[in-house]
Amino acid sequence: MTLYARFAAHLDAALDALVLDGELPAGVDRAGVAVEPPRDASHGDLATNAAMVLAKRAGTNPRALAGLIGPKLEALAEVQAAEIAGPGFINLRLAPHVWREELGAILTAGSDYGRSRAGHGVRVNVEYVSANPTGPMHMGHCRGAVVGDALASLLEYAGHQVTREYYVNDAGGQVDVLARSAHLRYVEALTGTEAVIPEGLYPGEYLKPVGASLAADYGDRFVDAPESEWLVPFRQAAVAAMMAMIRTDLALLGIHHDVFSSEAEVQAAGKPDAAVAALAAKGLIYEGELERPKSLDPHDEWEPVTLTLFKSTQFGDDQDRPVKKSDGSWTYFGADMAYHYQKAQAADQLIDIWGADHAGTVKRIKAAVAALTDGATPFDVKLVQMVQLLRGGEPVKMSKRSGNFVTLADVVEEVGKDVVRFTMLTRKAEAQMDFDFAKVVEASKDNPVFYVQYAHARIRSMQRKAAAEVADMPERADLSLLDAEELELIQLAAQFPRIVEAAASAREPHRIAFYLGDVAAAFHAQYNKGNDDPEKRFLVAHRPDLTRARLELAAAIGQIVRNGLGIMGVAAAEEMA
RNA sequence: GCGCCCGUAGCUCAGCUGGAUAGAGCACGAGACUUCUAAUCUUGAGGCCGCAGGUUCGACUCCUGCCGGGCGCGCCA
C-alpha cells in the first residue's frame, strides 16, 4: 500500500469515527475526497479537501467540519500536526519517521516501487507504429513509436495486461506500388543498368536488395512478363522484406510488438463481411451517395456514386462513411473497422496511437467501435503531433520525392536510443515538438535527458567511491541522522507511485519524464550544497555513520530514477561519457 | 463551410483530471565559485493563464460563444 492509500484509509477511519460519535450523518457520499501532497510545500506534507467536499452533503460548513476531522488525524502517531487552512483544507505535517520508513520501502521494493495493481489486470490493446510496409522507418514514425511503447510499459507498470500490436497495411494500393517499384529493381539487378524510377513509385535504394533477392529467386522469367503474373509474389516478398527492415529499425529503439496483424489476412478471413453484417443487423448499413466534398473547388467535377455506407453520423461523425469502394473492394476504413472489432474480442480496452495527419478519421473509427461493441469497449485514439527536425536551430531539409528522408536508424545511430526515447517524451503527445540534434546531446542542465542521466551517474559514482573515501561505515544505516532537507528528497521520491498512477490513467507517459526532471533537479541541488559546505556532502570522510545514511538516501533516489527510466524504456547511465 | 489540436512569463514548455499566493529552464538583473563533489551555484524581477459569459464553496482546468495559429476534410492509406 502506498503512503497515499494509507492516509486515505486513515481519513476514512476518522470519518467513520465521527459517524459513530454522532458528529457526522451516516451514509454521506465520500466521492471526490482526496489526500494529496499540497502544491505549496509550506502547507505541509499532505492535505485533504475532505471538509470542503463533504460539508454541504453533511449539512455543515467546511471549517466546522475540518475542526472535527483535524483532531482525529492529529491523534495518529504518523501525524505531527494537522492544521486547518484556507477555505477548509486540512494540512498534515507528518512525523519524520514516516519518511524514513518510506525510504526503506523504496529500497525494499526496489524495481517494483511504484508498480501497482490500479489497472486490475484489465486487458488493454495498444496499437502503435503501424507504418506502411513500403520503406524503412523515418522520423515521422518515431514519436508515435516511442509514445506508444512507453504508454504500453506505463500501463503494464500500473497493473494492466497489455498487448502491443502493429497493424500491417499490406492490402492497399501502396503495396502494389511497392511491388512495381521492386520489379524495377529486379530488372536492374538482372541487367545491371541503373533503373529509372518514375514519379509515383518508391525511389529508395532500400529496394535494391529486394530486387536482387527476387532476381536470385526467379531468374529472368518476370522481366517482360505482364504485371498480373508477378504482382502477387513480388508484393509478398517486398512486404516481407519491408517488415523485416521495420522490425530491425524498431529493435534499435528497443521496441518489440507482441502481435503483427495483417490487413490482407483480416480481409482474407472475411472479417470485414462479418463486421458489416453485424452493423447491418443493427440497421447501420445502407446504400447511398456521399455529399460533394467541401474541399473541392467549385468548378471541379463531382459524380455522385452509390456506395455501401456506415451510419457513423449516429455516433457523432460528420458524414456517413463508405466501407466498400464502387468496384466492390473494401475501403481502408471497411477493413480497419473489422480489424478493431477483432481486437475488441481479445481486449477490454483499445488504444490507438496515430499521427496527427490522421486526425480526420478518428470519429469514424470511434463510431465503428462504439457500434460494433455496443459501447462496451472503451477506445481511445491518441494523436501524436509531428516532430520538426533541427540541427543547431536550422530545419533539416528533407525531400520525399527523392526518397531522401531522415531515417530512424540514422537518428538512433547519431544520438543513441536513450536520447531519442527520452526526448520524444519531453512533450505531451498532442503538442508539437522540435528535435534538435545539437541540443538533445548537449551536456548541460538545460537538457533534461542529460540532467536526469547525470543524476543517476552521480549516484553510481558516489556508490563506487564510498568505501575508498569513507572508512568504517556501519552495517546498518541510522536514518535519523538525515535532516529535514534530506527528507524532502524522500518526500519527492515517495510521489512516484501516484505519478505513475496518474500518468497511466491519463495515458500520458510524458509525465514520468517531467517528474524525473524534478527528482534530478532536487537531487543535484542537494548535492551542490556540498560545494559550499563540506559537511553536507554525501561522502564525509570523518562521519561514516552519516555517510552511510546519506548513501541510503542516494540509493533510494537512484532507484526512483531507474524505475522511471525503465517505464520510458531508457537505460540509466552508470557514468557520463 | 465543417471538424480536430493548440493559445500559460520576452522565448521553450509544465501544471498531478476542480484546490490555497499559477511553476521550471532559457534569456535579463545582482551576487558567489576558479572546482579533480566537473559538465556551475545562490538570488531577484518578470503573468488579464487569448477574450467574454456560465457552472460552484473554489476554474488555467469543465460548458457555451467569439478571436488568433496549426492540421485535416472524396471510394487515398
Side-chain angles (χ1 to χ4, degrees), chain A residues 32 34 36-40 42-43 47 49 51-53 55-56 61-63 85-89 91 130 132 134 169 171-175 263 290-296 300 302-305 307-309 316-319 321-336 355-363 381 383 385-386 426-434 439 442-448 450-451 454 458 461-462 465 469 495 498-499 501-503 505-506 508 510-511 513-515 517-518 521 524-525 527-532 534 536-539 576-577:
Chain A
E36 296 175 319
R39 293 186 184 223
D40 186 337
S42 69
H43 291 135
N49 58 358
M52 290 180 294
V53 174
K56 201 172 196 177
N61 72 76
R63 294 206 51 118
F89 286 100
N91 293 331
S130 298
N132 288 336
T134 55
N169 300 140
Q174 86 271 322
V175 285
E263 179 184 2
L290 291 176
E291 280 180 38
R292 181 188 167 83
K294 295 284 195 288
S295 59
L296 284 186
D300 280 346
W302 169 254
E303 294 268 337
V305 182
L307 294 163
T308 304
L309 302 177
D317 199 0
D318 311 309
Q319 64 173 96
R321 304 293 173 178
V323 296
K324 275 188 174 182
K325 302 180 198 172
S326 50
D327 68 0
S329 65
W330 297 105
T331 60
Y332 181 84
F333 171 63
D336 198 27
D357 50 337
H358 289 89
T361 62
V362 172
K363 282 187 176 180
V381 179
L383 294 176
Q385 288 290 332
M386 292 298 162
T426 54
R427 292 276 181 281
K428 58 182 171 189
E430 51 279 348
Q432 285 181 235
M433 173 161 78
D434 290 344
K439 285 188 181 166
E442 198 173 86
S444 78
K445 69 171 300 193
D446 317 340
N447 179 1
F450 170 81
Y451 216 50
Y454 185 24
R458 252 184 177 169
S461 165
M462 72 172 69
K465 294 194 300 195
E469 294 202 4
Q495 289 196 32
R498 56 190 302 280
I499 297 285
E501 281 187 22
S505 69
E508 292 185 348
H510 76 277
R511 292 189 193 188
F514 279 95
Y515 169 73
D518 290 345
H524 287 305
Y527 185 93
N528 285 329
K529 286 174 186 163
N531 288 333
D532 294 333
K536 290 195 170 181
R537 294 182 177 189
F538 277 78
L539 307 183
M576 300 314 285

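All figures in this text were calculated on a predicted structure; none of them were measured in a lab. Keep in mind that the numbers below use all heavy atoms, side chains included, and drop hydrogens, waters and symmetry copies. Numbered from 1 within each chain, the chains take letters A, B, ... in sequence-line order.
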Verify the neighbour count for atom CD of A/E291: are there more than 12 heavy atoms of other residues, nucleotides or ligands below 6.0 Å? no

Atom NZ of A/K439 with >12 non-hydrogen neighbours under 6.0 angstrom: no

Regarding A/R498, tell me which of base, sugar-phosphate or nothing describes its non-hydrogen contacts under 4.0 Å with the strands shown. base

Contact class for A/K529 (heavy atom, under 4.0 Å): base, sugar-phosphate, or nothing? nothing

Closest heavy-atom pair, A/P87 versus A/M52, reported as atoms and distance to 0.1 Å, is CG-SD, 3.6 Å

Give me syn or anti for B/G44, where syn covers glycosidic angles within 90 degrees of 0. anti

Applying a 4.0 Å non-hydrogen cut-off, can you work out what A/N91 is touching in the nucleic acid: base, sugar-phosphate, or nothing? base

Stacking of A/F514 on B/A14 base (centres under 5.5 Å, planes under 30°): no

Would you check if A/H43 stacks with the base of B/A20, given a 5.5 Å centroid limit and a 30° plane limit, both strict? yes

What's A/F538 touching, base or sugar-phosphate or nothing? Going by heavy atoms closer than 4.0 Å. base

Determine if A/H510 stacks with B/A14; use a centre-to-centre distance below 5.5 Å and an interplanar angle below 30° as the criteria. no

Regarding A/S326, tell me which of base, sugar-phosphate or nothing describes its non-hydrogen contacts under 4.0 Å with the strands shown. base

Who passes side-chain contact (heavy atoms from CB on, under 4.5 Å) against A/N132, sequence neighbours left out? A/T134, A/N169, A/Q174

Ignoring the backbone of A/A443, work out which of B/C41, B/A39, B/G3 is nearest its side chain. B/A39

With syn defined as a glycosidic angle within 90 degrees of 0 and anti as anything else, the base of B/U17 is syn

Counting any heavy atom closer than 4.0 Å, what does A/P62 reach on the DNA or RNA strands: base, sugar-phosphate only, or nothing? nothing

By the 4.0 Å heavy-atom rule, please label A/V305 as base, sugar-phosphate, or nothing. base

Under 4.0 Å, heavy atoms only, any strand: does A/S329 hit a base, just the sugar-phosphate, or nothing? nothing

Checking all strands, does A/A521 fall into the base, sugar-phosphate, or nothing category for heavy-atom contacts under 4.0 angstrom? nothing

Look at all strands and tell whether A/Q495 reaches a base, only sugar-phosphate, or nothing, counting heavy atoms closer than 4.0 Å. nothing

Rounded to whole Å, CZ of A/R427 lies from C1' of B/U8 at a distance of 14 Å

Give none if B/G72 has no partner; otherwise give the nucleotide forming a Watson-Crick or G-U wobble pair with it, both distances under 3.5 Å. B/C2

